[in-house]
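Input: a single structure, listed below in structure tokens.
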Protein chains: 2
Amino acid sequence: MIGLQDVARAAGVSPATASRALHRPDLVALRTRERVEQAALELGYRPNVLARGLRTRGSRTIGLIVTDILNPFHATLAKGVQDAAEAQGYTVLMFNSDEQPDKERRALETLHGHLPMGLIVVPTARTRENLSVVAGLPTVELDRASGLDGAHTVMVDNVSGAREAVAHLLGLGHRHVGMIVGNLDISTARERLQGYREALEAAGLPYDDGLVLPGDHREQGGRLAALRLLSGRERPTALFVGNNEMTVGAVLAARELGLEIPGDLSLVGFDDSRWAQTMSPALSVVSQPTYDLGQLACQHLLSLIAGQSLPGSVRLPTRMVYRQSTAPATVLA
Amino acid sequence: MIGLQDVARAAGVSPATASRALHRPDLVALRTRERVEQAALELGYRPNVLARGLRTRGSRTIGLIVTDILNPFHATLAKGVQDAAEAQGYTVLMFNSDEQPDKERRALETLHGHLPMGLIVVPTARTRENLSVVAGLPTVELDRASGLDGAHTVMVDNVSGAREAVAHLLGLGHRHVGMIVGNLDISTARERLQGYREALEAAGLPYDDGLVLPGDHREQGGRLAALRLLSGRERPTALFVGNNEMTVGAVLAARELGLEIPGDLSLVGFDDSRWAQTMSPALSVVSQPTYDLGQLACQHLLSLIAGQSLPGSVRLPTRMVYRQSTAPATVLA
DNA sequence: TTCCTGACTGCAATCGATTTCAGTGTGCTG
DNA sequence: CAGCACACTGAAATCGATTGCAGTCAGGAA
């Protein structure tokens with residue numbers, strides 16, 4: 001490995017000068033600097049990030065923990081974060097928590113040893129406690145809020161997104177609108193449920209516990225919840241599903257039960273995706289600016305690292321996308 | 001930050017002994033070791049990976065470069081790699097090349113500074129040259145072969161997968177089977193084309209240049225290629241598409257042209273996915289053991305790092321999945 | 001000429017963990 | 001009782017880059 005030593009020797013200067021030439025150009029005579037730069041180039045010098053990080057306690061590295069990289073939503077978040085980080089010369093250490101607090105904790109511990117300069121995390125149910133592992137590290141919570149006091153969060157406006165979706169269904173005349181909600185330990189689930197309730201209230205309809213079922217944010221959980229919800233005697237004629245994977249499950253459940261969409265069942269999902277566009281009928285969804293969310297979180301974090309003080313919480317708007325999975329309620333009277 | 005110094009002081013020993021106690025237990029008296037372990041636990045000691053890596057030149061870190069994390073195929077590869085790495089206590093530094101040799105090169109340079117112990121890369125068109133940046137580093141090529149001599153590769157059997165898909169279409173009576181092939185600088189594209197040719201040959205049919213169009217591995221490229229292929233006078237009655245994203249494009253193109261699948265056009269894609277299963281008609285595909293591919297590549301790399309010598313190339317089989325996007329050719333006479 | 005200033009440069013310490021080498025002390029053998 | 005081997009432990013060097021401090025030198029002022 002080519003070290004700064006080698007560059008210095010080749011340029012006929014001390015390592016100290018070589019170091020300064022490369023990143024504090026104003027402190028070095030022009031001709032010296034040129035010699036060093038030339039030597040560095042010729043030798044293909046790459047600074048040893050470990051040594052530098054050790055000395056400066058600044059690794060130009062940030063940590064990212066998402067809950068499920070296989071979920072395109074999270075993959076897109078990750079891409080947004082990475083692109084923004086790379087643009088500023090930062091490297092991202094990415095981990096998966098698989099929604100498991102234990103894995104999240106281990107990821108945090110591993111991360112801690114790498115001395116990252118900041119952290120972006122999509123919280124799990126126990127992030128609030130887990131974050132003590134990296135206490136003091138600038139941290140941004142992405143997509144969800146752990147509930148930690150004074151935390152910086154970058155999220156979408158879940159309440160109004162959900163409200164709009166449910167209002168749309170109610171506007172079509174549906175009176176039994178079910179919801180598959182997700183794990184209520186997680187802020188997005190709570191907020192989307194809140195939006196659902198607000199829409200009902202605005203329409204003067206009562207909130208019915210029996211129409212709201214939790215899922216586990218995965219396809220299987222969505223499918224099971226939908227099967228139960230749609231097999232009851234008073235089956236809902238419309239369904240609002242709280243995340244993308246569970247929506248797949250709900251579609252599969254409807255097919256299993258022989259329910260036509262949107263004829264027998266109107267469906268709206270939260271978060272858009274490739275399959276939501278290509279399936280038939282194409283799915284109406286609450287679309288999120290996912291990539292922007294990731295980028296913004298990263299920029300926010302980098303500002304934080306730079307010592308700027310920023311508003312604690314950022315909300316991006318969602319956008320309702322109308323496709324073919326919703327239809328007016330048939331009047332059975 | 002709690003350092004080894006602190007642990008040593010708390011345990012009343014020298015840093016040297018503390019270090020040994022934690023990872024060379026046989027060299028330290030039992031009681032000393034216990035004191036150190038206790039102190040480490042109480043103080044919440046986490047080794048500084050930077051310092052350790054600097055000293056040992058072994059960071060327990062591996063690099064991973066995929067071409068597009070937004071593509072679920074690559075996301076799945078990445079998950080496989082990460083899970084396998086984590087199981088062995090390795091941390092993964094992941095980068096995206098976005099299929100661009102320049103970005104790949106920058107990723108390699110950044111990676112190099114982090115002193116990873118090995119590298120897994122999904123090659124782009126110019127990986128062969130780019131790899132010189134990390135010359136000497138144990139490297140495994142994943143999904144594709146860069147063509148580098150003596151490289152270790154973990155791939156699927158593209159030729160036989162493609163052959164099987166095309167043979168299926170031919171078996172249904174199709175005589176004009178088109179292919180959207182991908183960038184021929186990339187080994188998977190070449191191999192899948194090879195399979196296409198072999199299937200034609202086995203059926204005694206001539207190879208027709210006009211039926212084979214390149215795409216760029218993205219949705220848009222697939223769509224444009226399909227539009228051209230399907231707008232000609234002698235339009236193919238069946239289409240084999242060489243990767244997942246381009247297949248979406250082909251489906252969209254068919255819809256634009258008002259072609260029914262499978263009535264007017266039989267379609268087989270390479271690589272399965274969520275949307276291939278939920279779209280209607282559900283898409284027949286050549287399915288790949290994607291997650292296994294990633295895991296295997298990582299295990300292979302870790303063995304390499306451990307100094308074992310291994311077979312240079314591993315091939316996993318594909319599996320043809322028959323769904324509803326193919327039908328017998330209508331006899332027009 | 002002498003002294004001073006300011007622009008550069010180099011020495012050496014530093015970050016934290018590992019590891020070589022040189023002790024120290026114990027117990028055992030002859 | 002002397003001598004030795006062995007089991008432990010600690011001092012100090014090391015990895016490579018950065019940086020506080022001090023030194024050199026040229027040019028200008030007095």
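Residue numbering restarts at 1 for every chain, and letters A, B, ... go by the order of the sequence lines.
Among C/dA12, C/dT9, C/dA17, the nucleotide with an atom closest to any side-chain atom of A/Thr32 is C/dT9. Comparing D/dG16, D/dA17, C/dT19 by their nearest atom to the side chain of B/His23 picks out C/dT19. Side chain of B/Leu4, nearest nucleotide from C/dT18, C/dT9, D/dA17: C/dT18. Nearest nucleotide to the side chain of B/Ser14, out of D/dA11, C/dA17, C/dC11: D/dA11. In this structure, of C/dC15, D/dG16, C/dT19, it is C/dT19 that holds the atom nearest to the side chain of B/Ser19. If you check C/dT19, D/dT19, C/dC8 against the side chain of B/Thr56, the one that comes closest is C/dT19. You'll find that the side chain of A/Arg55 is closest to C/dA13, out of D/dT9, C/dA13, D/dA13.
DNA chain D is contacted by both B/Pro15 and A/Arg20; B/Pro15 maps to the nucleotide lying nearer its 5′ end (nearest heavy atom per residue). Remark on DNA chain D: of its neighbouring residues B/Thr17 and A/Thr17, the 5'-side contact belongs to B/Thr17, judged by nearest-heavy-atom nucleotide.
Between A/Tyr45 and D/dA17, a side-chain N or O to OP1/OP2 separation shorter than 4.0 Å is present. The side chain of B/Arg57 places no N or O atom within less than 4.0 Å of a non-bridging phosphate oxygen (OP1 or OP2) of D/dC15.
Atom CD of A/Gln5 is separated from atom P of C/dC11 by 11 Å (rounded to the nearest Å). When rounded to the nearest whole Å, the span between CG of A/Leu54 and P of C/dT18 equals 12 Å. Summarising the geometry, the separation between CG on A/Asp6 and P on D/dC15 is reported as 12 Å, rounded to the nearest angstrom. In this entry the distance linking CZ of B/Arg46 with C1' of C/dA17 reads 14 Å, nearest Å. Between the P atom of D/dT9 and the CZ atom of B/Arg33 lies a distance of 11 Å, rounded to the nearest Å. The nearest whole Å value for the distance from the CZ atom in B/Arg9 to the C1' atom in D/dG10 is 16 Å. In this structure, the CG atom of B/Asp26 is 15 Å from the C1' atom of D/dC6, given to the nearest Å. Protein atom CD1 of B/Ile2 is 15 Å distant from nucleotide atom P of C/dC15, rounded to whole Å.
A donor-acceptor contact shorter than 3.5 Å links the side chain of A/Asn243 to the backbone of A/His217. Formation of a donor-acceptor pair under 3.5 Å by the A/Arg315 side chain with backbone atoms of A/Met155 is not found in this model.
We find the NE2-CG distance between A/His74 and A/Asn96 to be 9.5 Å, quoted to the nearest 0.5 Å. Residue B/Arg60 holds its CZ atom at 11.0 Å from CD1 of B/Ile62, rounded to the nearest 0.5 Å.
B/Lys79 has a carboxylate O that lies under 4.0 Å from a charged side-chain N of A/Asp98, or vice versa, which qualifies the two as a salt bridge. For the pair A/Asp102 and A/Arg106, the salt-bridge criterion is not met [side-chain N within less than 4.0 Å of a carboxylate O].
B/Ala29 comes within 4.0 angstrom of sugar-phosphate atoms only, judged by non-hydrogen atoms across all strands, and of no base. Heavy atoms of A/Leu27 sit under 4.0 angstrom from at least one base atom.
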